[in-house]
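Nothing fancy with the numbering, it's 1 onward along the sequence.
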Amino acid sequence: MSNDHFDILIQGGGPVGLACAAWCLQKFPEAKLVLQDRNPADDADLVAADSRGIALSHGSKLLLDTIKAWPKEAADIHRVHVSQSGRFGRALMTREELHQDALGHIIRYRDIHLTLRKSLRAIQKTSPNFAWEHIALNQESPTTDAKCIVHAEGGLFKTQDWVESGRDYGQSALVGLVEVESAIPYQAWERFTAEGPLAILPSHYDANTLNVVWCSSPAVAKMRLDLNDVDFLTELQKEFGTRLGKFLKVRDRRLYELGLNYRKEITQGNEVWIGNAAQTLHPVAGQGLNLGLRDAYLLAEKLSALYSGTEESSSESLPHTLKDYATSRKADRTATIGLTDIMARVFTSNLLPVVLARGLALSSLQWLPPVKIALARQMMFGRR
């Protein structure tokens with residue numbers, strides 16, 4: 001088939017673009033679909049790539065299981081402990097309260113990326129009209145005639161070529177791996193400090209090796225990045241406390257700038273934006289990739305249903321389909337963006353009324369199970 005006539009063009013070969021292609025082809029193997037991927041064709045070139053831990057909800061696991069794209073190396077979260085540094089207020093969420101196998105999972109970014117590539121290759125074998133184009137980073141995207149253009153070329157905050165609406169939180173995240181003396185298995189910690197959230201999360205390496213995500217002003221984050229290991233661990237111990245015993249070792253420290261970008265309209269004509277191309281979130285609630293995967297799944301559902309019909313009806317129905325998609329995603333996007341933005345701002349304020357209010361809010365979560373369960377379900381499955 002000629003490469004100049006497709007039903008669907010997906011631009012972006014990150015996890016969201018790969019997942020969208022896989023779900024489209026799984027639902028409609030005959031789809032005329034092209035994926036433009038700026039990552040190298042050889043997986044070996046990605047093995048040493050981004051190793052940061054990414055939070056995936058249990059809802060995302062259930063979605064990825066449908067295309068056999070769940071990495072073998074994953075750390076499960078059964079409990080989440082939320083607290084304020086030096087202030088009252090705490091809450092504990094458990095998998096038992098939600099009757100789920102897990103609240104979430106921590107996976108290296110490169111592992112989810114590589115597993116999705118493997119899954120898409122397996123689906124490709126039964127997809128005769130699918131083209132997977134690998135484009136060099138410094139090469140212009142080839143002009144491709146497609147009825148629907150899906151933008152999944154996300155990127156990180158401040159590396160994106162669009163800014164429509166959003167907020168610069170004036171924060172950077174320092175991420176890395178720490179070894180502790182006595183970890184609590186399957187437990188994640190979200191501790192709100194005067195400078196920003198500090199998360200200590202499980203990893204698949206071993207029980208006492210944990211992921212750290214420490215948010216603060218860019219200047220302070222850079223200072224901590226430049227500290228020697230001993231001084232860094234001393235600072236971390238002082239901020240987190242002794243719940244995990246002593247912090248013994250640290251490795252793989254790196255920085256990421258944080259902010260919120262989001263498009264008010266995620267469809268225009270025959271184009272649609274998903275994942276980080278539609279919204280880039282603060283990592284405080286670990287919702288960015290989860291929201292993007294829900295984008296991809298629902299869009300694939302809509303497009304595969306459309307293009308499994310006749311070509312005539314497809315051409316006439318695409319604007320309606322994309323409008324329907326945007327309407328269907330509105331509640332989930334609004335709730336997730338709003339929740340993340342509020343948490344990123346409210347939990348970094350040092351104004352006394354705000355400090356007292358968030359302490360009461362955390363305590364209320366603990367003593368009002370229906371509210372806590374509703375919040376946890378939003379974070380696990382999104383707004384439906």
Side-chain angles (χ1 to χ4, degrees), residues 48-55 73-75 77 79-87 90 104-111 156-159 168-259 281-286 288 343-344 347-350 355:
D50 200 335
S51 61
R52 64 195 155 117
I54 296 290
E73 296 182 328
I77 297 173
R79 296 172 300 278
V80 179
H81 183 281
V82 186
S83 64
Q84 294 193 95
S85 177
R87 303 286 185 175
R90 60 175 289 278
H105 315 268
I106 304 298
I107 300 172
R108 287 181 301 190
Y109 180 89
R110 71 182 184 211
D111 290 340
L156 299 171
F157 182 67
K158 285 194 176 178
T159 68
D168 185 341
Y169 296 112
Q171 288 191 335
S172 291
L174 188 156
V175 306
L177 291 166
V178 291
E179 182 182 326
V180 300
E181 186 177 31
S182 52
I184 299 176
Y186 307 111
Q187 181 150 316
W189 306 81
E190 186 86 51
R191 190 152 172 79
F192 292 100
T193 75
E195 296 176 323
L198 166 61
I200 306 290
L201 311 167
S203 82
H204 72 274
Y205 292 101
D206 60 69
N208 285 320
T209 300
L210 307 176
N211 287 281
V212 59
V213 183
W214 197 354
C215 301
S216 63
S217 69
V220 171
K222 180 64 168 60
M223 178 271 293
R224 288 171 177 157
L225 178 71
D226 294 337
L227 290 174
N228 63 49
D229 289 357
V230 173
D231 290 342
F232 176 83
L233 292 170
T234 300
E235 288 287 317
L236 181 59
Q237 189 87 64
K238 186 189 306 181
E239 197 67 77
F240 184 80
T242 58
R243 291 181 176 88
L244 300 174
K246 290 184 179 179
F247 286 87
L248 304 173
K249 296 179 182 179
V250 60
R251 69 177 193 265
D252 297 342
R253 280 182 278 170
R254 63 187 73 185
L255 292 183
Y256 295 92
E257 292 180 297
L258 305 179
L281 309 182
H282 191 290
V284 60
M343 291 180 71
F347 282 94
T348 55
S349 172
N350 293 312
V355 170

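In this structure, F247 CZ and T234 OG1 are separated by 11.0 Å, a value rounded to the nearest 0.5 Å. Expressed to the nearest 0.5 Å, how far CD of E179 lies from CG of L244 amounts to 12.5 Å.
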Practice prompt. Under the side chain to side chain contact (heavy atoms under 4.5 Å, CB included) rule, what do V178 and F240 come out as? Steps first, then yes or no, please.
Written response: CA-CA 13 Å; V178 291; F240 184 80; over 6 Å; no

Worksheet item: Which is it for R253 and D229 under the salt bridge (Lys or Arg N to Asp or Glu O under 4.0 Å) test, yes or no, and what are the steps along the way?
Response: CA-CA 10 Å; R253 280 182 278 170; D229 289 357; 2.8 Å; yes

Practice prompt. Before giving the answer on side chain to side chain contact (heavy atoms under 4.5 Å, CB included), spell out for E239 and R191 the whole-Å C-alpha distance, their side-chain angles and the decisive distance to 0.1 Å.
Written response: CA-CA 9 Å; E239 197 67 77; R191 190 152 172 79; over 6 Å; no

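Across all their heavy atoms, H204 and E73 have their closest contact at NE2-OE1, 3.4 Å. Between G245 and S182, the shortest heavy-atom contact is N-OG, 3.7 Å. V213 and A173 make their closest contact through CG1-CB, 4.2 Å (heavy atoms, listed as atom of the first residue, atom of the second, distance). Of all heavy-atom pairs between A74 and I107, the closest is CB-CG1, 3.7 Å.
Distance alone, capped at 3.5 Å, is enough to place a donor-acceptor pair between the T193 side chain and the G196 backbone. The closest donor-acceptor contact from the side chain of Q171 to the backbone of E195 lies under 3.5 Å. Of the possible polar contacts, one joining the N208 side chain to the A183 backbone as a donor-acceptor pair under 3.5 Å is found.
When L198, V250, D231 are each tested for a side chain to side chain contact (heavy atoms under 4.5 Å, CB included) with L236, only one passes: L198. Among L201, L177, V180, the one residue that satisfies the side chain to side chain contact (heavy atoms under 4.5 Å, CB included) test with L210 is V180. Exactly one of I200, I54, I106 qualifies for a side chain to side chain contact (heavy atoms under 4.5 Å, CB included) with N211. That residue is I106.
Annotation: Y256, atom OH; neighbour count of heavy atoms from other residues, nucleotides and ligands within 6.0 Å is above 12.
Geometrically, R254 does not engage Y109 in a cation-pi contact, judged by NZ or CZ lying under 6.0 Å from the ring centre and within 45° of the ring axis. Stacking of R243 on the aromatic ring of W189 is not recorded, the 6.0 Å distance cut-off and the 45° axial limit not both being met.
Contact of the R79 side chain with the I184 side chain is registered, since non-hydrogen atoms from C-beta on lie closer than 4.5 Å. Residues P197 and E190 are in side-chain contact: their nearest non-hydrogen atoms beyond the backbone lie under 4.5 Å apart. The shortest side-chain heavy-atom distance between L174 and S216 does not fall under the 4.5 Å cut-off.
In this view, Y169 and H282 satisfy the ring pair (Phe, Tyr, Trp, His ring centres under 6.0 Å) rule, not counting sequence neighbours.
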